[in-house]
Amino acid sequence: MKLIHSPASPFVRKVRATAAQLGIANDITLMPVKTTALDTAPEVRAANPSGKIPALITDDGKAIFDSRVICRYLNDRAGGSLYPDARIWDVLTMEAAADEIMVAGVVISYEMRLRPAEVQYAPWMDAQWSKIIHTTQAFNSNWRDHLSGPVDAAQIALGCALGYLDFRHGARNWRAGCDNLVAWYEDFALADFMASTAPTD
Ligand SMILES: N[C@@H](CCC(=O)N[C@@H](CS)C(=O)NCC(=O)O)C(=O)O
């Protein structure tokens with residue numbers, strides 16, 4: 001399998017961390033690509049018409065995306081237990097919530113990095129950050145019990161989402177008022193599949 005990737009993307013990291021947790025990281029060849037929302041690399045467009053990464057090219061040459069589909073594909077392929085039947089709707093909902101943290105974090109990054117300073121819109125970025133804070137608070141309180149269970153796809157997504165906030169938006173401090181989530185994350189981030197996939201530029 002080949003993974004079209006960039007080392008800074010939290011969605012790509014989610015796929016890589018999933019593969020590592022499943023013990024199949026060596027079955028994937030990384031295909032690094034330079035691409036942005038303003039300048040999509042042709043190999044990304046060829047794999048995914050929306051121009052987004054990650055995209056996985058399977059051994060029979062089929063391109064699959066997005067990160068949620070790829071992670072589930074890898075879990076099936078490896079016979080993993082990251083999407084347990086007994087908790088499937090909780091896991092999928094929390095994976096979606098973690099992905100929304102990534103979406104909002106990436107939107108803020110694009111605003112800051114791709115738009116000229118004079119047209120950046122602070123209220124828009126603050127509104128994105130508000131989505132992040134409401135979601136981290138939900139994990140910190142309502143969904144706290146879920147985090148103490150066995151590793152699943154939602155936990156991996158959440159770990160990668162919080163890692164991205166530290167990587168790009170550390171100054172905004174998602175940790176404030178989230179002591180339970182911080183304690184969980186500090187431990188989770190030490191797992192090999194997380195430490196070995198930490199984001200870089
Ligand atoms: N829903 C997608 C989101 C992927 C995504 O937004 N990737 C970003 C990089 S972190 C991207 O490729 N952005 C390029 C663009 O927006 O055109 C997934 O889960 O894979």
Side-chain angles (χ1 to χ4, degrees), residues 1-22 25 28 30-58 62-77 80 82-83 88 91-116 119-121 124-125 127-129 131-132 135-136 139 152-170 172 174 193-194 197-201:
M1 296 177 281
K2 296 175 183 160
L3 180 67
I4 302 179
H5 88 109
S6 156
S9 164
F11 298 100
V12 169
R13 183 186 185 193
K14 182 166 68 129
V15 168
R16 293 186 59 212
T18 297
Q21 199 281 339
L22 292 167
I28 296 177
L30 298 179
M31 294 175 62
V33 70
K34 290 268 180 238
T35 192
T36 76
L38 294 183
D39 186 13
T40 304
E43 58 269 46
V44 175
R45 187 77 76 193
N48 180 351
S50 79
K52 294 188 178 185
I53 55 172
L56 184 81
I57 315 299
T58 62
K62 190 182 293 186
I64 62 172
F65 53 85
D66 59 5
S67 65
R68 271 183 248 180
V69 178
I70 299 171
C71 290
R72 206 152 174 184
Y73 171 82
L74 295 177
N75 185 65
D76 273 16
R77 181 185 157 117
L82 297 176
Y83 294 91
I88 191 64
V91 170
L92 291 176
T93 298
M94 288 177 217
E95 182 184 8
D99 280 9
E100 291 301 334
I101 296 176
M102 296 187 206
V103 169
V106 168
V107 165
I108 297 172
S109 298
Y110 287 166
E111 187 78 10
M112 293 168 62
R113 296 163 72 91
L114 297 182
R115 283 172 74 93
V119 291
Q120 289 174 11
Y121 189 49
W124 169 253
M125 291 189 273
Q128 299 302 315
W129 188 252
K131 295 175 192 293
I132 290 171
T135 309
T136 49
F139 278 110
D152 60 32
Q155 293 179 17
I156 294 175
L158 179 60
C160 294
L162 298 176
Y164 184 77
L165 298 182
D166 283 345
F167 177 57
R168 288 285 190 234
H169 306 302
R172 285 187 183 256
W174 65 264
F193 59 88
M194 292 299 293
T197 56
T200 59
D201 273 313

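Values in this document were obtained by computation on a predicted structure and should not be read as measured data. Read the numbers this way: they start at 1 and go in the same order the structure lists the ligands and their atoms. Just so you know, these numbers use all the heavy atoms, side chains as well, and skip hydrogens, waters and symmetry mates.
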### Query
What's the shortest distance from atom 9 (C) of ligand 1 to any protein heavy atom, and which residue and atom give it?
Tyr110 OH, 3.7 Å
### Message
For atom 1 (N) of ligand 1, what is the closest protein heavy atom, and at what distance to 0.1 Å?
### Response
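Going by distance alone, atom 1 (N) of ligand 1 is nearest to Asp66 OD2, 3.0 Å.
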### Task
Establish, from distance only, whether the side-chain atoms of Tyr164 and Ser109 form a donor-acceptor pair under 3.5 Å.
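The answer is yes; a qualifying pair exists.
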So do the side chains of [X] and [Y] get within less than 4.5 Å of each other, counting heavy atoms only?
X      : Y      : value
Asp166 : Trp174 : yes
Arg172 : Leu165 : no
Cys71  : Tyr83  : yes
Glu100 : Lys131 : no

Could you name the option among [options] that has the heavy atom nearest to [atom]?
atom                    : options              : answer
atom 5 (C) of ligand 1  : Asn48, Val106, Ile53 : Ile53
atom 19 (O) of ligand 1 : Ser109, Cys71, Ser67 : Ser67
atom 6 (O) of ligand 1  : Lys52, Glu100, Glu95 : Lys52
atom 15 (C) of ligand 1 : Ala8, Ser6, Ala37    : Ala37

### Task
Going by the side chain to side chain donor-acceptor pair (under 3.5 Å) test, name the single residue among Lys14, Arg13, Glu95 that passes it with Ser67.
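Option passing the side chain to side chain donor-acceptor pair (under 3.5 Å) with Ser67: Lys14.
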### Query
Can you list the ligand 1 atoms lying under 4.0 Å from a non-hydrogen atom of Pro54?
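Listed by number with element, the hits are 20 (O).
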### Message
Please work out, at 4.0 Å between heavy atoms, whether the side chain, the backbone, both, or neither of Phe65 comes within that distance of ligand 1.
### Response
neither
### Query
Do NZ/NE/NH1/NH2 and the carboxylate oxygens of Asp66 and Lys52 come within less than 4.0 Å?
no
### Message
Counting only nitrogen or oxygen atoms and a 3.5 angstrom limit, does Ser9 reach ligand 1?
### Response
no
